[in-house]
Participant: 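So that we are looking at the same thing, I have put the structure below in structure tokens.
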There are 2 protein chains.
Amino acid sequence: MKEEFRLDNQLCFRLYTASRLLTQAYNPLLSAHGLTYPQYLVLLVLWENDAQPVNDIAKRLCLETNTVTPLVQRMEKQGIVTRAKGTNDARQIIVSLTDKGQQLQTALTDVPFAVGGAIACKSLTPETVPALFQTLDDVIAQLKKSLKRDT
Amino acid sequence: MKEEFRLDNQLCFRLYTASRLLTQAYNPLLSAHGLTYPQYLVLLVLWENDAQPVNDIAKRLCLETNTVTPLVQRMEKQGIVTRAKGTNDARQIIVSLTDKGQQLQTALTDVPFAVGGAIACKSLTPETVPALFQTLDDVIAQLKKSLKRDT
DNA sequence: TACTTTTGTATCGCGAACGATATAAATAAC
DNA sequence: GTTATTTATATCGTTCGCGATACAAAAGTA
């Protein structure tokens with residue numbers, strides 16, 4: 001059994017597991033408002049900048065448009081966002097928050113704190129978190145480059 | 001716009017993105033052999049310990065059995081593993097590697113190196129990686145505790 | 001022994017993710 | 001100005017991931 005194949009030596013498995021479990025921690029908080037985690041991400045994007053085309057949302061979340069399109073369509077059905085043809089570019093679909101979508105920000109105020117509580121551990125301190133963020137950002141940037149190259 | 005809602009302050013979004021992109025880096029290497037990343041994880045588990053019940057595989061990967069069952073069924077169809085009723089406990093399904101499943105380890109020898117190359121960046125050094133692993137393991141352990149509590 | 005509870009898999013349904021493909025609008029090339 | 005190419009979404013098919021549920025085998029209890 002080669003060392004490189006040991007599950008405990010895999011960065012990807014750790015990221016995969018941490019991501020899934022942390023998403024699960026969000027779940028009860030979000031589903032109480034009829035939301036999924038990816039839908040919450042779309043809300044975070046729109047709360048920062050309302051009225052964006054599908055493509056911009058996808059780029060911001062590093063997702064493909066064929067993931068974002070049905071995601072946003074479901075959110076439209078729930079009355080959280082509206083989808084309207086772009087005026088400058090008729091190909092674009094501009095996604096905007098409805099009042100309900102705006103108000104969700106207030107309803108979800110305590111979500112970041114609740115999740116922060118669920119994840120709090122001695123490895124996550126005001127001193128270590130910035131380094132962790134930096135590392136993950138670096139890895140993400142590097143992967144974007146690598147994945148772009150062999151397209 | 002509250003600071004806690006900024007996408008750039010979210011640990012979960014970073015983990016989610018890093019996990020997805022790193023999985024994408026595995027994809028061309030694995031799909032060349034008809035494998036997906038979760039199937040590769042099952043292989044890693046079985047290469048470490050062959051002939052395990054579905055439940056043990058699921059626990060090792062922090063997945064539910066209703067995710068692993070169909071995953072393993074697909075691998076059985078591909079002739080990578082076999083599924084047999086347990087002898088001690090007739091409820092268990094013991095998943096074992098076929099010859100083809102064993103041989104895949106040789107065929108995939110260079111996967112860890114190729115992925116290592118795709119992800120190599122200045123934030124990942126022999127000095128920093130252990131700390132990163134430790135932090136992620138800590139976060140995962142903490143989340144397991146938190147998620148178990150409110151069941 | 002009979003009855004209840006727990007445990008191990010499996011099935012179902014839905015929402016992601018994403019590769020492949022389609023379509024219309026915008027842009028570039030000629 | 002017509003044709004070719006690129007760009008922005010959308011649709012389709014497959015595989016996860018997981019909550020809810022079903023069911024049989026095992027373990028515990030009366």
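First the proteins, then the strands, lettered A, B, ... as listed; each starts at 1. Fair warning: this is a prediction, and the values are worked out from it, not measured in the lab.
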Participant: Contact between B:V139 and A:R14 at the side-chain level, heavy atoms closer than 4.5 Å - yes or no?
Facilitator: no

Participant: Determine the sole option in A:D137, A:T135, A:D138 for which the side-chain hydrogen bond (donor to acceptor under 3.5 Å, both in side chains) test with B:S123 is passed.
Facilitator: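 Among A:D137, A:T135, A:D138, the one that satisfies the side-chain hydrogen bond (donor to acceptor under 3.5 Å, both in side chains) with B:S123 is A:D138.
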
Participant: Please tell me which of B:Q78 and A:R91 maps to the more 5' nucleotide of DNA chain D, matching each residue to the nucleotide holding its nearest heavy atom.
Facilitator: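 Result: A:R91.
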
Participant: So, applying side-chain hydrogen bond (donor to acceptor under 3.5 Å, both in side chains) with B:D89, which one of B:K85, B:Q92, B:R91 is it?
Facilitator: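 With B:D89 as partner, B:K85, B:Q92, B:R91 yield a single side-chain hydrogen bond (donor to acceptor under 3.5 Å, both in side chains), made by B:R91.
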
Participant: Checking the side chain of A:W47 only, and the main-chain atoms of A:G101 only, is there a donor and an acceptor separated by less than 3.5 Å?
Facilitator: yes

Participant: First contact, last contact: which nucleotides of DNA chain C are these for chain A, 5' to 3', heavy-atom distance under 4.0 Å?
Facilitator: C:dG15 to C:dA26

Participant: Considering heavy-atom distances to DNA chain D, does B:Y37 or A:N27 have its closest nucleotide positioned more toward the 5' end?
Facilitator: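 Nearer the 5' end of the strand: B:Y37.
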
Participant: By ring-ring contact (aromatic ring centres under 6.0 Å, His included), which residues pair with A:F13, not counting sequence neighbours?
Facilitator: none

Participant: Going from CG on B:L43 to CD on B:Q105, what distance comes out if it is rounded to the nearest 0.5 angstrom?
Facilitator: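 Answer for the CG-CD pair, B:L43 versus B:Q105, is 9.0 Å.
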
Participant: Apply ring-ring contact (aromatic ring centres under 6.0 Å, His included) to A:Y37 and list each qualifying residue two or more places apart in sequence or on a separate chain.
Facilitator: A:Y26, B:Y16

Participant: Using only heavy-atom distances, determine whether the side chains of A:N9 and A:E4 contain a donor-acceptor pair under 3.5 Å.
Facilitator: no

Participant: Tell me, please, the opening and closing nucleotides of DNA chain D, 5' to 3', among those with an atom under 4.0 angstrom from a non-hydrogen atom of chain A.
Facilitator: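 Range of nucleotides touched by chain A: D:dT7 to D:dC18.
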
Participant: For B:T106, is there any backbone N or O sitting under 3.5 Å from a side-chain donor or acceptor partner on B:T109?
Facilitator: yes

Participant: Can you check whether A:Q78's main-chain N or O pairs, donor with acceptor, with A:K100's side chain at less than 3.5 Å?
Facilitator: yes

Participant: Compare all side-chain heavy atoms of B:R20 with those of B:Q24 and state whether any distance is below 4.5 angstrom.
Facilitator: yes

Participant: Less than 4.5 Å apart, any side-chain heavy atom of A:Q52 and any of A:I57?
Facilitator: yes

Participant: Does any residue of residues 17-24 of chain B have a heavy atom under 4.0 Å from DNA chain C, and if so, which ones, in number order?
Facilitator: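 Hits under 4.0 Å, by residue number: B:R20, B:Q24.
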
Participant: Can you list, by residue number, the residues of residues 48-75 of chain A that have a non-hydrogen atom closer than 4.0 angstrom to DNA chain D?
Facilitator: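 Close to the strand are A:P53, A:V54, A:N55, A:T65, A:N66, A:T69, A:Q73.
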
Participant: Under a 4.5 Å cut-off applied to non-hydrogen side-chain atoms, are B:L63 and B:L41 in contact?
Facilitator: no

